Structures are given as C-alpha cells and as structure tokens.
Number of protein chains: 2
Amino acid sequence: MANINDVSRLAKVSKATVSRVLSGSRGVKEESRLAVMQAVETLQYKPSVIAQSLSTQSTGCIGVICAAENINQSTGYLHALEKELRLNQKYLLLRFATDAAGLAHSVNEIGRGLCDAMIVIGARFELPPLPENVITIDCLDEDSDRSIHFDRSFAAETACQYVLQQGRRQIALINAENGETAGQILQGYHQALEKFLLPYDRRLVHSGEQALTQLLAQNVPFNALLVPDDASAQDALRQLAQHGRAVPASVMVFSLDSTLPPGISAVPAITYPLETLAQTAMALLAGQFSANAGAPVRGQLSIPF
Amino acid sequence: MANINDVSRLAKVSKATVSRVLSGSRGVKEESRLAVMQAVETLQYKPSVIAQSLSTQSTGCIGVICAAENINQSTGYLHALEKELRLNQKYLLLRFATDAAGLAHSVNEIGRGLCDAMIVIGARFELPPLPENVITIDCLDEDSDRSIHFDRSFAAETACQYVLQQGRRQIALINAENGETAGQILQGYHQALEKFLLPYDRRLVHSGEQALTQLLAQNVPFNALLVPDDASAQDALRQLAQHGRAVPASVMVFSLDSTLPPGISAVPAITYPLETLAQTAMALLAGQFSANAGAPVRGQLSIPF
DNA sequence: TTGTAGGCGTTATCAG
DNA sequence: CTGATAACGCCTACAA
C-alpha cells in the first residue's frame, strides 16, 4: 500500500503539498495539484485513516451501544443511524449491552481513543455515570440535554383516542415493566379515559411476563388491547389466536412503540420517525444541544393498509 | 489523558519497559513491573488504540456489511457476531449496503486501514470483486473457501418431511425470488415429494410479491405453506388471517429460514445456529479455511412451544 | 506557493 | 533485564 511519501516522490513535491491537495486546502499551484492527483491515481493511494486519526486526535468512529433486550426494536435505529452517520462521514461501531456493568465496560473503550462519541439506545436498566461525549436515546436517565426521550404518555393517550374512535370502549392495557415508561403510559391511559368519561377498571391493566394470561383469566370483556411494543404485539397476536379471539374483529391490538415504517406494521401503532431521531442524534453529537430542546419526542399514529 | 511518557516518567523506567509490562511480555523485573502498574493506576492510563494500530498495522476492527433488504433477518447475526468478535477482542464496524456499488464503496474503506477484514451478510445482489480479507455469509457468490452458505435444498426437504408427518399432503410453496436459492429450495421440495410419491402440482408454487395472492386465487386446496423466511411468514400469517384461514388448523405455515432462537419462532421453521455460524466466521477471518470445509451449513428443525 | 521539521502514542529492534 | 532510537503515516506550524 502506497503511502504519502511515495506520492510526494512520484509527484516531485513535498509531503506537505500532497497533504494540502488531498485535504482540499487552497494555496496550491494548479501544476503541483495535477501532479499529485496523477500520482495518487497511478499509485492507487488512499490516505490511512489510522494515521490521520493519530494526527487529528479524532477517529470519526461513533460507538453505538444497543440494549440487547430489544434487539429487534433497535434494528431500525441501527439502519437509520448508520445512514445518517455515513452522511456525516462517520463510522458506526456496534456494541450490545445487557446491564450497567457491560455498558460501563463498553463505554470505557471510548477513553481509549477508538470512538469520538457514543450513543446508547434503549437501555432499560439503571445507567452508570456517563462521560460528556455520550448521548442516550430512549434510556432510563433523567432528562438531560444529551438524551432523547419519547412521550409515552402522549402515545398512550393517542392510542386510546384512536381505538375509541373505532368504537372500542373496553381498552385493556399491557404495560411496560419499567417504572418510568410504565408510569407515563398509565398516565396517558388515565387521561384518555377521563377525557371520555370512562371508568378505570384495574382488572384491565397488567404487566410482566404473564400479563396477557392474567388478563384473559379475569374474564373481563375487552375489545382493544394496548401493548408496549412490537414484540409484545406479536406475542399478543399469537396468544389471542390461540384463545380463538379474532384480531381485529374481536380485539384490536395497538402497539405503543413501533419503529416499523408506516403501512408495514401489522397492527395500528404509534411510530417514531427514525430519520428525524437519527438527525437529532447527530445534532446532539455535534454539540447542538438546542436541537433537542428537552421536549420528549412525540410519535405519530400509524395504521396498517 | 495521560500517555505512555507520563507513565514512564512517573514509574522511572523507559517507555519500552512500560510497553513491555502492559503487553504482558515477560522479562521485566518485578520491581519495575510494580512501579509501572502503580503509575498506570494513579494516572488512570489507558493505551491509545489508535497509536497501537498505527504501530502494529492492525486495528482490531472487523467491518460487517449487511444487505439492507433483510435487516430484520440480520439482527440476529449482528448480535451473535458482536459477541463472538468481542471474545476475540475485536470491534464490529457496521455498514449497510443495498447494491453492488454501495458494497464496493464500503469495502473500499478497508483499504484505508480502518478494518482488518470484513464480513458481508445476506447480499441478494451480484457481488463485486472482493479482496482476500472479505468473507461472505449467505450471499450470492459461488462457493469459495471464504464463504458460508446454507443448504436450502436440505431445508426445503426437511420442511416437507415435517409437514407430511403432521398429516399435510398438499404443500404449497412460496419460493424466494432469487435464482440460486430458489433453485435449491425447489430441488429440495421436489425431492421430498418424490420420496413420498406425491405428485408435483405447479399451481402450488409461486414466488414474488404477489405469490400468496396468486396462490389463493388458484383455488387449489393446500394445508401447508412453505415460505422462504420469517418476514414472508409474518406476511403470510396476516394475509391468511384476512382470508379466514386458520393457522395452523387450516394451513400450517413453515419458514425455511429463521434466525430466531428455537421456541420463539411463531411457526415451525428451519433455524440456523447463530453461535456456530459466528464461530465459523471467526475461524475464516483467522485464516482457518478448513473450518468451513466448503459444505453448506444445514439448519435444524425448530418447532414452536 | 512550497518545503522542513516536529509531533501524535505506540511497538519493535538492538545494543548494552 | 533495560533504555535509546527508529519506525508507523499523517498533519501542521513555521520558515523560506
């Protein structure tokens, strides 16, 4: 692999000039410029990213750490982030983490110079203290200007409104297991019920592994079912089928968090705009904390077909 | 951030000795060793990966390029690969590619020194010429010792055997659109039918976007349906439900390629062992081409519940 | 407009 | 067992 010395030799200029030409800086005679380009071409020269990194003290690598639990949910993020990062000439270094210790360990790499910054996605565990160059998306941290959160309450309320408009008045809820998110969802659920003057029946609200089983065991009628995400939705579809309950005829299932493109989701859902999220993340990485403005992101209603 | 000079100064030894201590090479007096460790601790010194890379001419980064089409299918791979790479102290640099040009462009990075090697996954387009340090998994390339392929024929045959054992004798097939894979699947399908002395009815075999629609339009009865992957399976489940056909009572859906862990898949499927695949990939990256042995990988039958 | 020289943080070689 | 010293490949003042 040819290096900058080979090029400078062949082009009969100094390394500095070669560097100048390649970094596009002005103040280079057209003649030398052409000579360099020529040499670069014939030698198939590509500057070494590593050497560049050592010099500039910046690698262009962004670490992305996904919570392993909701991998399927995070695939969409990865795709969107990679696209956006590439637009900004950056690389995506992927990691998974299952707990705070694992996350902390991964974040430690950053201090070793490999990544310029990191993005943590969807962690449902308590976060360890994080350096300044780490931003979070949909994690369990208090609102900071370096984190992106979703408006779960709004999602739940919107969902209720939708199913109510579809003539469903008995809305069951399978809630998330986590405190913060679950709290918000419950809040939105309550607000919607109040708004429509519907009573709150605690027997319609469950969470955890056995949530749907418990719900079905209660024998309380319901014709709509809100679930926290796509995975739960899929699970619900299967279980409902087993119990002979037609979807959506008998029960309308609604996913409160979907990253599937509109029209693809099997059930009505609140979807979060991945491109926008990715762009916001880029802005945060670039230090434009105003881009976030602290407000949680509101998803939008997405209906199949 | 402290560097090796700071450490050597504090420990009152040379940089060389510091380096030796940290790279674990023996031949260092216990005394100096301790002094170094001490200094490292108090200075919170972490060697710079970049500088190491420049010296050793190897970054420990492995580029993983996923075909964007089947992202959902590839999530499992990513997780397994990341785990395995981490065991080998390597980093996973993620990219997506939609076509040969994009792939070629991404592979080009490798020549710039960022990645030591690359893995291309699930590309359904014709591959551009690839350097030696690139291996492929489930791609459209002829068998080489640097590629991992799946035995589609075996999958189809196994699937047929399974549904036949379940008493289904009218097996419809929604085939992949791609030539190579589709050919193998069809072959396995044929072989199974022959083995069980069943007639081949071409009206039961379709492919492409409208495959299931066409199949249903034919009005030819079928009580089993083989589909190429999980995405198709999900799609099929939805469409069948719309047509009032119960699954699995009326139609048993079978996915010919699933990466879901056994027991999670919603339908019976042929699953490919991700850990094993990841390990094989590592071996190939390490240059142990014998690990592959050229034989396509056979999946195993996985039944829900 | 150009070249020289020094620095980025390691590893590796080679005397001592 | 240890310490200079030279790579590694690039960037960038600074000087010409």
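Keep in mind that the numbers below use all heavy atoms, side chains included, and drop hydrogens, waters and symmetry copies. What you see is a predicted model; the values in this text were computed from it and never measured. Numbered from 1 within each chain, the chains take letters A, B, ... in sequence-line order.
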(message) Does B/Ile62 form a side-chain contact (heavy atoms from CB on, under 4.5 Å) with B/Leu92? I'd like the steps, not just the answer.
(response) CA-CA 5 Å; B/Ile62 305 294; B/Leu92 192 167; 6.0 Å; no
(request) For B/Leu114 and D/dG9, give me the distance from atom CG to atom C1', rounded to whole Å. (result) 14 Å
(request) Would you mind reading off the distance between B/Lys12 atom NZ and D/dG3 atom C1', rounded to a whole angstrom? (result) 17 Å
(request) May I ask you to verify whether the side chain of A/Thr17 and the base of C/dG3 hold a donor-acceptor pair under 3.5 Å? (result) no
(message) With a 3.5 Å distance limit and no angle check, can you tell me whether A/Asn88 reaches the backbone of A/Leu85 through a side-chain donor-acceptor pair?
(response) no
(message) Check whether A/His149 reaches the backbone of A/Ser144 with its side chain - one donor and one acceptor, N or O, closer than 3.5 Å.
(response) no
(message) I need the CG-C1' distance between A/Leu54 and D/dG9, as an integer number of Å.
(response) 9 Å
(request) Ignoring backbone atoms, establish whether A/Gln52 has a side-chain N or O less than 4.0 Å from OP1 or OP2 of D/dC11. (result) yes
(request) Go through C/dG9, D/dG9, C/dT2 for me and flag the one nearest to the A/Val28 side chain. (result) C/dT2
(message) Taking only side-chain N and O atoms of B/Gln57, does any of them lie within less than 4.0 angstrom of OP1 or OP2 on D/dG9?
(response) yes
(request) Could you tell me the separation between the CG atom of A/Asp6 and the P atom of D/dG9, rounded to a whole number of Å? (result) 9 Å
(request) Identify, between B/Arg20 and B/Pro47, the residue whose nearest nucleotide on DNA chain C lies closer to the 5' end. (result) B/Pro47
(message) A side-chain contact here means heavy atoms from C-beta on lying under 4.5 Å apart; do A/Glu109 and A/Leu93 qualify?
(response) yes
(request) In whole angstrom, give the distance that lies between atom CG of B/Leu22 and atom C1' of C/dA12. (result) 16 Å
(message) Can you tell me whether the side chain of B/Lys15 and the base of C/dT10 have a donor-acceptor pair closer than 3.5 Å?
(response) yes
(request) Take the protein atom CE of B/Met1 and the nucleotide atom P of C/dT10, then report the distance between them rounded to whole Å. (result) 9 Å
(request) In whole angstrom, give the distance that lies between atom CD1 of A/Ile4 and atom C1' of D/dA7. (result) 16 Å
(message) Rounding to an integer number of Å, can you tell me how far B/Lys46 NZ sits from C/dT10 P?
(response) 12 Å
(message) Any side-chain N or O of B/Ser55 below 4.0 angstrom from OP1/OP2 of C/dT11?
(response) no
(message) Side chains of B/Thr271 and B/Ser258 only: does a donor on one sit below 3.5 Å from an acceptor on the other?
(response) no
(request) Looking at every strand, decide which applies to A/Ser23 at a 4.0 Å heavy-atom threshold: base, sugar-phosphate, or nothing. (result) nothing
(request) Please state whether the phosphate of D/dC11, meaning OP1 or OP2, lies under 4.0 angstrom from any side-chain nitrogen or oxygen of A/Ser19. (result) yes
(request) Take B/Ser48 and A/Ala16, find for each the nucleotide of DNA chain C with the closest heavy atom, and name the residue whose nucleotide sits nearer the 5' end. (result) A/Ala16
